[in-house]
> 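Just passing along the structure, written as structure tokens.
Chain letters run A, B, ... following the sequence lines, proteins first and then strands; every chain starts at 1.
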There are 2 protein chains.
Amino acid sequence: MDSEASLRNERKRGSGVKVVYDILRDEILDLELPPGSPIDEVQLSERFGMSRTPIREALVRLAGEGLIDTLPNRSTMVSQIDFLNMHSYFDALVLMYRVTTQLAAKYHRPEDLEGVRTLQAEFADAVEAQDALAMISTNAALHLAIAEAGRNPYFTSLFSRLLNEGRRLLRLYYQSYNDRLPRRFVEEHDEIIAAIEARNTELAERLAREHAEQIVSQIQKLLMREERLDVSL
Amino acid sequence: MDSEASLRNERKRGSGVKVVYDILRDEILDLELPPGSPIDEVQLSERFGMSRTPIREALVRLAGEGLIDTLPNRSTMVSQIDFLNMHSYFDALVLMYRVTTQLAAKYHRPEDLEGVRTLQAEFADAVEAQDALAMISTNAALHLAIAEAGRNPYFTSLFSRLLNEGRRLLRLYYQSYNDRLPRRFVEEHDEIIAAIEARNTELAERLAREHAEQIVSQIQKLLMREERLDVSL
DNA sequence: TGCATATTTCTTGTCGACAAATTAAATACA
DNA sequence: TGTATTTAATTTGTCGACAAGAAATATGCA
């Protein structure tokens, strides 16, 4: 497993941290590194064929985004998904859906919508193919593109963080995405995009709110189902 | 100037980065390090009496919060205050004022209000003493305490970031705070706290919104005055 | 055997040094 | 004198090594 380490000498100076950061980030979000997994610096330095210094820098960045937890002088591990404060997450997610969509209707430029439409087409393909993992990631990319058209970096960065955490959460339950609901999401996306294009801020906000609440209520149903399973075991 | 470096040997392992991070952060927010200031790693390592490694880690964290900008292989410097996208900042600030106050009215516990009242008293003292710098920092602390009573870490962390950036911004114009307006802020704070205690979410949200818009419009007036000055020079 | 203490092992935090990238200075040339 | 190319100096990115803390293991003692 030295496919990454073998790049040792062809790496450009300064690119190491980004590579490590991106790969670890994806592995955490895809649950390849499940919550609670220990993060060993020397192990990572062997795997990526570089010293501990750049590894460490990547870990500091991940810790800054709350993806890993570091206990001083002790182990560092992938952060837990907090099921207790889930309502905080849903509150923030719904609000960001609303406000970013509203701002997109207000401030977008025509060329922004091209990228959005491309991603919407990819999302529709993923739904058609019943590829739940692709649905999750293209959905996040789509809404992030809408947020960027709203041109408020504060909202966009918070929204991005929330969508990433959601990616981790949804991956736990992606099996149940194989029903008829996603098709409704495709239609809702189309409506939202149309409202943005028409610069109808009120409608865009309302549709985004309903869309977000749909998603949240579905996740909550999944969580409750899971809880019942826990009890019955 | 080796008052910091002289602590070399009494420092506990692992505390170095936090010290450097905290000090640099304050110096940036207080404009002792104005936007655009170059950050030299070896200079800092001499000043703090430690190697470049912990300095570097502190800088990575500061970069993660957008307080410094790092160009690869080149200099790193204190990030600029972005006057062009100011409306994004105000939009986000007002929304966070509203939502955190609303959630505080909903979820606060009685003991939360003790800390809030203490900070409100400190704010009133600062206004009475016409200490603009203290007003800025106690005001931020007060609203952050309210946000924490709302118990949504996503909103609280974004709000904290916004208040910090505001601290930097306001410090540019704090002279003009020596007028009668701050007294009105004291009264508005009292009303907001009362609404929170009464768990009147709608009122709390409305008051917070008006309060935030007051502040924003005052800052905007200051900015416009400054622009006129720029033109006349 | 059961518990407290000492020792070893393992992981993290820090260090000084080196090498690559960039910038500044110096030299060559028209 | 002005511009292009080389050379030196500065600064960042990376490395290997060492030391401090904490955890695991071993030892001493009742």
> Nearest whole Å is fine: how far is D/dT11 P from B/Ile55 CD1?
15 Å

> Would you mind reading off the distance between B/Leu59 atom CG and D/dT11 atom C1', rounded to a whole angstrom?
13 Å

> Write down the distance between CG (A/Asp40) and P (D/dA23), rounded to a whole number of angstrom.
15 Å

> Report the distance from atom CD of A/Glu46 to atom P of D/dC15, rounded to the nearest whole Å.
13 Å

> If you only use heavy atoms from C-beta on, which nucleotide in D/dT14, C/dT14, D/dT12 is closest to the side chain of B/Pro54?
C/dT14

> What pairs of residues pass the side-chain hydrogen bond (donor to acceptor under 3.5 Å, both in side chains) test when at least one of them lies in residues 94-105 of chain A, not counting sequence neighbours?
A/Arg98-A/Glu205

> Could you state the atom-to-atom distance from CD of B/Glu57 to P of C/dC15 in whole Å?
12 Å

> Between B/Thr76 and A/Arg74, which is nearer to the 5' end of DNA chain D once each is assigned its nearest nucleotide?
B/Thr76

> Between A/Arg167 and A/Asp30 (salt bridge meaning N to carboxylate O under 4.0 Å), is one present in this structure?
yes

> Is B/Arg47 paired with B/Glu41 through a side-chain N to carboxylate O contact shorter than 4.0 Å?
no

> Write down the distance between CG (A/Leu71) and P (D/dA22), rounded to a whole number of angstrom.
11 Å

> Please state whether the rings of A/Tyr107 and B/His87 are parallel, tilted or perpendicular, taking 30° and 60° as the class boundaries.
tilted

> Sub-3.5 Å donor-acceptor pair from the side chain of A/Thr118 to the main-chain atoms of A/Glu114, do we have one?
yes

> Separation of B/Ile68 atom CD1 from D/dT12 atom C1', in whole Å?
13 Å

> Classify A/Ile39 by what it touches in the nucleic acid, base, sugar-phosphate, or nothing, heavy-atom distance under 4.0 Å.
sugar-phosphate

> Measure from the side-chain N and O atoms of A/Asp69 to the backbone N and O of A/Met77, and report whether any donor-acceptor pair falls under 3.5 Å.
no

> Answer with base, sugar-phosphate or nothing: what part of the nucleic acid does A/Glu41 contact at a heavy-atom distance below 4.0 Å?
sugar-phosphate

> Does any N or O in the side chain of B/Ser88 come within less than 3.5 Å of the main-chain N or O of A/Arg151, such that one atom is a donor and the other an acceptor?
yes

> Using the 3.5 Å cut-off, write out each protein N or O paired with an N or O of nucleotides 18-21 of chain C and the distance between them.
unit_1, atom_1, unit_2, atom_2, d
C/dA20, N3, A/Arg13, NH2, 3.4

